[in-house]
Number of protein chains: 2
Amino acid sequence: MAGSLYVVSTPIGNLDDMTVRALNTLKSVGLVAAEDTRRTGLLLRHFGIATPTTSLHEHNETEKLPALLRKLSGGVDIALVSDAGTPIVCDPGQRLISAAIQQGIRVVPIPGASAVMAALAASGYSADEFVFAGFAPSRSKDRKLWLVRVSQDPRAIVFFETPHRITKTLADMAEILVDRPITIARELTKLHEEVVRTTARLATLVQIAERGEFTIVLAPYQVVTPQPDSVDDATLNAYFYRMTEFEGLPRRAALVSTAEKFGLSPNELYARLERFKASGPP
Amino acid sequence: MAGSLYVVSTPIGNLDDMTVRALNTLKSVGLVAAEDTRRTGLLLRHFGIATPTTSLHEHNETEKLPALLRKLSGGVDIALVSDAGTPIVCDPGQRLISAAIQQGIRVVPIPGASAVMAALAASGYSADEFVFAGFAPSRSKDRKLWLVRVSQDPRAIVFFETPHRITKTLADMAEILVDRPITIARELTKLHEEVVRTTARLATLVQIAERGEFTIVLAPYQVVTPQPDSVDDATLNAYFYRMTEFEGLPRRAALVSTAEKFGLSPNELYARLERFKASGPP
């Protein structure tokens, strides 16, 4: 009989965030496929588990797959783990899961700690719906465009950032998200866990250590259809500018779309954009 | 000194999915605020925990808040739990967290099982980014529009459905999502855990028991910019129809936007839509 592939969540910092079932699974399987065998070795030793490990990361995934699938077909149970949290979220191993499914191997998730869920819980924001947006891009120009795109979504948004880029990313967020409430979580579940709840603009004034992993949550917001009279020319211009520059819409489509958004006719909008232009730079 | 509010994740089905730290927290706090005290009582008794519980659900949240906040300020540690998984995701308790934060109470997430993460792990889909879309709407008309909107997102999408609506929802998904790969997870982590990986269209042919909680995952897809020559008139018409009927765009904006999408001029697109109309119903 073929073995099973267990997709096991491991702690994101605090070793006591291990579940009973995850421990039993790591003990009972024949092999643990780990992103980093040294890190997983520490975890296993901490809990007195002697199961052999093998490395499975993005650079050896392709060559390791056939042997792992052969083991599974031959009856060996395998546990897949990443360095922290649930494998497949920003982790290698997804291809092994996918290939195992295609071969009819039973895939069993063993849930546990997740930085995404922990950060949402710590934020206090309503998370009936939310978006996990992955890692923020590393280049500032890409990151700004990404922040513009990601932040148009009114749902709670979660993403990860590394310690050496956090200061730059917070500066970009201040510029683009302005007054949107955000939560910055650092070293979640660890001894020096820190959760700062502020706004994007005020976050740059907060003293935050550039150490540990960061999980950032953007607060959800209510979408309100604005009244044309309550919107000034500068806002119309900014929205139109965003449509053409960031969304890449042709000018005519942006005009129609902006007019629709604010309950104006395209002609009215055009007149107001011209009036704004004529008013000159402030 | 003020107490702390612990936001504790509990199992989603299998009691062994409890973490060491969640157990220690439930043991050491002065009070457990639970969505359903009977369900949480079963969990606590299973682990021999005698901490008193109090109910906190959507119908009594407002009246219970002041007393809970007084206790926290007075030095009592409180653990917040829901029936299953991480509180605040489709659960009450978010207002307690939010109010505690405003009063400067320390809020500590204790991560653990989550149906969202477990379903993603079981799906085998790439989940570098994903969307949690909550519960599918209960009325068929709302649900269809919701599926159209939700499924335009190329990221992996996770949502919940109840057993008494699953058959209808799968029928709606077959109609709207057609060949998009989906994973249907039922009774995750429980004895009768079932994970079906298929497409929206084929899912209606699968025999699925209408029992237990369902978590559905839509596979992510690659966004490919189509070549105008490779797109037939019917596709252009369908896209244009979607823009006007579902997205609510005025005809002119829909024309410009559809033309842009397929690399056509608005005039070319208009001519092709007219040609399609003239070809008559099949």
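Here is the naming used below: chain letters follow the sequence lines, and residue numbers restart at 1 for every chain. Since we're looking at a predicted model, the values are computed, not measured.
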_Donor-acceptor check, side chain of B/E61 to backbone of B/L56, threshold 3.5 angstrom: yes or no?_
no

*Residue part contacting chain B, namely of A/L23, when any heavy atom lies under 4.5 Å*: neither

_Proximity breakdown for A/F159 and chain B, heavy-atom pairs closer than 4.5 Å_ = neither

*So which of A/T19, A/V107, A/L5 has the largest heavy-atom pair count under 4.5 angstrom toward chain B?*
A/T19

*If you take all heavy atoms of A/S82 and A/G85, which pair is closest and at what distance?*
OG-O, 3.7 Å

*Please assess B/L72 against B/Q103 for the test side chain to side chain contact (heavy atoms under 4.5 Å, CB included), listing each intermediate value before the final yes or no.*
CA-CA 10 Å; B/L72 283 164; B/Q103 299 210 1; over 6 Å; no

*How are the rings of A/F135 and A/F160 set relative to one another: parallel (under 30°), tilted (30 to 60°) or perpendicular (over 60°)?*
perpendicular

*When only pairs under 4.5 Å are counted, which of A/A118, A/G112, A/A122 shares the most heavy-atom pairs with chain B?*
A/G112

_Please classify the contact between B/V108 and chain A as side chain, backbone, both or neither, with a heavy-atom cut-off of under 4.5 Å._
both

*Which residue out of A/P266, A/S123, A/P109 racks up the most heavy-atom pairs below 4.5 Å with chain B?*
A/P109

*Go through B/I101, B/L120, B/D153 and name the one with the most non-hydrogen pairs under 4.5 angstrom from chain A.*
B/I101

*asked:* For A/R155, which atoms come within 4.5 Å of any heavy atom of chain B: side chain, backbone, both, or neither?
replied: side chain

*Taking every heavy-atom pair that is under 4.5 Å apart, which of B/V7, B/T189, B/I97 has the most such pairs with chain A?*
B/T189

*Please flag which part of A/S9 lies under 4.5 Å from any non-hydrogen atom of chain B: side chain, backbone, both or neither.*
neither

*asked:* Heavy-atom pairs under 4.5 Å with chain A: which of B/I12, B/V195, B/N14 has the most?
replied: B/N14

_Closest heavy-atom pair and its distance - A/Y125, A/I182_ = OH-C, 3.0 Å

*Side chain, backbone, both or neither: which part of B/M117 has a non-hydrogen atom closer than 4.5 Å to chain A?*
both

*Please determine, among A/S257, A/S98, A/A100, A/A133, the option with the most heavy-atom pairs under 4.5 Å with chain B.*
A/A133

_I'd like to know if the side chain of A/S151 reaches the main chain of A/V148, judged simply by a donor and an acceptor atom lying under 3.5 Å from each other, with no hydrogens or angles considered._
yes

_Exam field: side chain A/E35 to backbone A/V81, donor-acceptor pair closer than 3.5 Å_ = no

*Among B/P11, B/A259, B/G124, residue most engaged with chain A (heavy-atom pairs, under 4.5 Å)*: B/G124

_Ring-plane angle category for B/F130 and A/F132, please: parallel below 30°, perpendicular beyond 60°, tilted otherwise._
tilted

*Could you have a look at B/V256, B/V131, B/D17 and say which one has the most heavy-atom pairs with chain A under 4.5 angstrom?*
B/D17

*B/R149: partners by side-chain contact (heavy atoms from CB on, under 4.5 Å), with sequence neighbours left out*: B/W146

*asked:* Determine whether a donor-acceptor pair (N or O, by modelled atom type, separation under 3.5 Å) exists between the side chain of B/D77 and the backbone of B/S4.
replied: yes

